[in-house]
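Order of the sequence lines fixes the chain letters, A, B, ..., with proteins taken first and strands second; residue numbering starts at 1 for each chain.
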2 protein chains.
Amino acid sequence: MHPDCDDGRITAFGMLLEAHGALVAVVGRELEAATDLTIGWFEVLIRLARSPGQRLRMSELASQAALSTSGLTRLVDRMEEARLIRREACPSDRRGAFAVLTDTGAAALEAALPAHLDSLERHVVAPLGAERLSELAAMLETLRDRARGGPPPPPGR
Amino acid sequence: MHPDCDDGRITAFGMLLEAHGALVAVVGRELEAATDLTIGWFEVLIRLARSPGQRLRMSELASQAALSTSGLTRLVDRMEEARLIRREACPSDRRGAFAVLTDTGAAALEAALPAHLDSLERHVVAPLGAERLSELAAMLETLRDRARGGPPPPPGR
DNA sequence: CTGGGATAGTTGTTCATACAACAACTCGCC
DNA sequence: GGCGAGTTGTTGTATGAACAACTATCCCAG
């Protein structure tokens, strides 16, 4: 076996993959049992709810949700069909479109919150405690920001 | 807007999703540019490489890779077709099968390691530093273990 | 004003992946 | 011998990514 296979960097990255996978599995299962939202849908709804006018441009939403633009088009198609969000034309740029939270979507989100918060309480807060959790969030935020518009040029290619 | 939408728990969980998404995107892009392995394939190879006999049972591999057994079946199909791994019958339990690293697979893994380690160095180690990284890994491990067969931390299992 | 390049979003195709449901099988026990 | 629990691996269905083609629109330079 190659010695680098046990490198701490690989282990740490693997841990991120495994923790993400395990948490999404259990939290997602609980969320879907209590509502009929998947984590992906929930994340879209909550991002819209937190945005001024309960709306975001398609491309902005794609970026926040880490989806491709075409992937987002289809996701919005399905959520629009479920009446949770709707598209609205952008008055200042007629190429653009907003995704807007509907009343149905806001209600679904609010109905899902108690169960979801409880789920996060048990699976995220309880194992770490509030203090270490905020440390974790800060580190993850650093990683995210650095991986997105990273100060160091990403592709040397 | 509902006040709970800004809850720290939701933010922390969202950060996990975003950091995971952003890192997988950039590290995966670099890995695929340097080799023709995806992150998923790489993770399978490295887990096999670390295991005695360079082999794992299908179900064990599925568990480690946070994949369902059915998802693993198809993944192993494609990787077997690419000659990176092969299936081998388990002599002691005729229901079972091993996934075994082939020489081709070991060579592909070794060829991928330098670029991948460099990628992790820049995107994971550099933003946090080695010390905070090990903290992060420890917290993620706690979350993972708790989310999997969750034995609560306060009382011994 | 006008021509042309850049941008926003949609659509179609193809492939990879996720899980649930399912069938086939082994093992251990009576 | 055979029942039943648990495990293993294969199918159906759905979602998401990458890529390219296409429309409509914006904006800038001349």
Dump every N/O contact between nucleotides 20-26 of chain D and the protein below 3.5 Å, one line per pair.
residue : atom : partner : partner atom : Å
D:dC26  : OP1  : A:Arg94 : N            : 2.9

(request) Using a heavy-atom cut-off of under 4.0 Å over every strand shown, decide if A:Ala66 touches base, sugar-phosphate, or nothing. (result) sugar-phosphate
(message) Does A:Leu67 reach a base, just sugar-phosphate, or nothing at all? Heavy atoms under 4.0 Å.
(response) sugar-phosphate
(request) Let me know, please, whether B:Thr38 or A:Glu60 comes out on the 5' side of the other along DNA chain C by nearest nucleotide. (result) A:Glu60
(message) So A:Arg57, base contact, sugar-phosphate only, or nothing? Heavy-atom distance under 4.0 Å.
(response) sugar-phosphate
(message) Taking 4.0 Å as the cut-off, does a side-chain nitrogen or oxygen of B:Ser68 come that near to OP1 or OP2 on C:dA18?
(response) no
(request) Just say parallel, tilted or perpendicular for the rings of B:His116 and B:Phe42, cut-offs at 30° and 60°. (result) tilted
(request) Could you state the atom-to-atom distance from CZ of A:Arg29 to C1' of C:dC19 in whole Å? (result) 11 Å
(request) State, to 0.1 Å, how close B:Leu133 and B:Val125 come at their nearest heavy-atom pair, and which atoms those are. (result) CD2-CG2, 3.9 Å
(request) Could you work out which one of C:dA16, C:dT11, C:dA18 sits closest to the side chain of B:Arg74? (result) C:dA18
(request) Determine the contact category for A:Thr73: base if any of its heavy atoms lies under 4.0 Å from a base atom, sugar-phosphate if only primed atoms, P, OP1 or OP2 are that close, otherwise nothing. (result) base
(message) So if I take every side-chain heavy atom of B:Met58 and compare against C:dT10, C:dA18, D:dG9, which nucleotide ends up nearest?
(response) D:dG9
(request) Give me the residues of residues 14-23 of chain A where at least one heavy atom lies under 4.0 Å from an atom of DNA chain D, by number, or none. (result) none
(message) With a cut-off of less than 4.0 Å, is there a side-chain N or O of B:Trp41 near OP1 or OP2 of C:dT17?
(response) yes
(request) Please check if any side-chain donor atom of B:Glu30 sits under 3.5 Å from a side-chain acceptor atom of B:His123, or the reverse. (result) yes
